[in-house]
Amino acid sequence: MLGPDFFARSALTVARELMGKFLVRRIGGETRAAIIHETEAYVGPHDLACHASRGRTARTEVMFGPAGYWYVYFIYGMHWMLNVVTSRHGHPAAVLVRGAGPWIGPARLTKALAIDRTLNGQPASPESGLWVEDRGYRVRRGAIRRTPRIGVDYSGEWAARPYRFVMGRPHDDELAALH
DNA sequence: GCAGTGATCATA
DNA sequence: ATGATCACTGCC
């Protein structure tokens, strides 16, 4: 399991390093794991696309705390977004998990893994039922593309920054070789 | 292309 | 109390 040391780095570093790691969900007696292939970094209060840039509020509170906790919020009246808090305590930053396993799109992912507000503020560890593991998948350096983030056109110059990371999804036989 | 859907936050 | 906004998706 990846713990606080993994997440207590810059959002950009964590967003890149999450490529190829596994998001693991335990619901009831069942455990499901999905390889992460798309993330976005929200780097701090100066980042106008980051929710924390509009101040410390009830919603953004968890981002101001220590790294390695889930930040889950509701958007467009329908969708849950999954983020993990990064960086140092007091510096609000997070990584949005946009795609994992067969699920493309942040709201489809949370729907498939039954992620909602009950996970907000919970630790990324088995005690919350949602955590991240390194299962040995190694991403080729050239396999990661960077693009601007999706849906943040309102954020001026920050909209163009290449803070989205996308990895080609591995084939089934590559995944079968992992434990 | 754009409607749906409701929490959140600023304004009052 | 009211209204604008929204890190999306699915259907036109």
Side-chain angles (χ1 to χ4, degrees), chain A residues 2 6-21 23 25 32 34-88 90-124 128 130-132 144-169:
Chain A
L2 298 174
F6 178 88
F7 296 106
R9 299 178 290 168
S10 76
L12 283 168
T13 298
V14 174
R16 186 183 64 239
E17 297 251 334
L18 278 174
M19 294 285 104
K21 302 300 191 293
L23 185 64
R25 178 71 165 127
R32 272 187 265 181
I35 190 165
I36 297 169
H37 55 77
E38 181 180 350
T39 60
E40 284 178 359
Y42 291 83
V43 302
H46 53 299
D47 173 2
L48 296 182
C50 182
H51 290 165
S53 69
R54 277 150 297 187
R56 186 170 185 155
T57 66
R59 182 176 69 156
T60 61
E61 181 65 27
V62 65
M63 267 200 281
F64 288 79
Y69 287 78
W70 300 118
Y71 167 42
V72 179
Y73 67 91
F74 192 58
I75 189 92
Y76 296 119
M78 285 173 248
H79 306 303
W80 297 100
M81 300 281 111
L82 175 67
N83 304 250
V84 63
V85 176
T86 71
S87 193
R88 67 178 189 280
H91 182 267
V95 170
L96 170 65
V97 183
R98 292 188 58 93
W103 302 296
I104 298 169
R108 290 172 168 180
L109 171 67
T110 53
K111 184 177 180 189
L113 294 179
I115 290 163
D116 62 20
R117 76 172 331 126
T118 62
L119 278 157
N120 187 50
Q122 296 291 311
S128 70
L130 184 66
W131 66 97
V132 179
I144 300 175
R145 281 187 300 125
R146 294 182 62 168
T147 80
R149 293 169 292 186
I150 304 296
V152 297
D153 291 346
Y154 59 83
S155 62
E157 63 169 301
W158 290 88
R161 300 221 180 183
Y163 289 177
R164 173 172 174 250
F165 295 80
V166 188
M167 177 185 91
R169 284 191 294 148

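Convention: sequence-line order gives letters A, B, ...; per-chain numbering from 1. This structure is a prediction, so every number in the text was calculated from the model and none was measured.
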Practice item. Would you mind telling me which of B:dT8, C:dG10, C:dA7 lies closest to the side-chain atoms of A:Arg108? Key: C:dG10
Point to revise | Rounded distance in Å - NE2 (A:His79) to C1' (C:dA7) | key: 12 Å
Practice item. Give the rounded distance in Å between these two atoms: CD1 of A:Ile115 and C1' of C:dC8. Key: 15 Å
Review point. Under 4.5 Å between any side-chain heavy atoms of A:Val132 and A:Leu23, yes or no?
Key: yes
Practice item. Verify the contact: side-chain N or O of A:Arg98 to OP1 or OP2 of C:dC8, cut-off strictly under 4.0 Å; return yes or no. Key: yes
Exercise for review: Classify the nucleic acid contact of A:Arg149 as base, sugar-phosphate or nothing, counting any heavy atom under 4.0 Å across all strands shown.
Suggested key: nothing
Practice item. Using a 4.0 Å heavy-atom cut-off across all strands, classify A:Arg117 as base, sugar-phosphate, or nothing. Key: sugar-phosphate
Practice item. Would you mind classifying the nucleic acid contact of A:Tyr76 as base, sugar-phosphate or nothing, using non-hydrogen atoms under 4.0 angstrom? Key: base
Review point. When all nucleic acid strands are considered with a 4.0 Å heavy-atom cut-off, which category describes A:Met81: base, sugar-phosphate, or nothing?
Key: sugar-phosphate
Review point. Around A:Arg146, counting heavy atoms of other residues, nucleotides and ligands shown, do more than 12 lie under 6.0 Å from its CZ?
Key: yes
Check your understanding: Across the strands shown, which category fits A:Leu96 at heavy-atom distances under 4.0 angstrom: base, sugar-phosphate, nothing?
Key -> base
Review point. Taking both distances under 3.5 Å as the test for a Watson-Crick or G-U pair, what stems of at least three pairs does DNA chain B have?
Key: B:1-4 with C:8-11, B:6-11 with C:1-6
Check your understanding: Counting any heavy atom closer than 4.0 Å, what does A:Ala107 reach on the DNA or RNA strands: base, sugar-phosphate only, or nothing?
Key -> sugar-phosphate
Do any N or O atoms of the protein come closer than 3.5 Å to N or O atoms of nucleotides 10-12 of chain B, and which pairs are they?
none

Check your understanding: If you measure from the ring centre of A:Tyr42 to the centre of the six-membered ring in the base of C:dA7, is it under 5.5 Å, with the planes under 30° apart?
Key -> yes
Exercise for review: Using a cut-off of strictly less than 4.0 Å, decide whether A:Tyr154 has a side-chain nitrogen or oxygen near OP1 or OP2 of C:dA7.
Suggested key: yes
Review point. Side-chain donor or acceptor of A:Tyr73 under 3.5 Å from a matching atom on the base of B:dA7?
Key: no
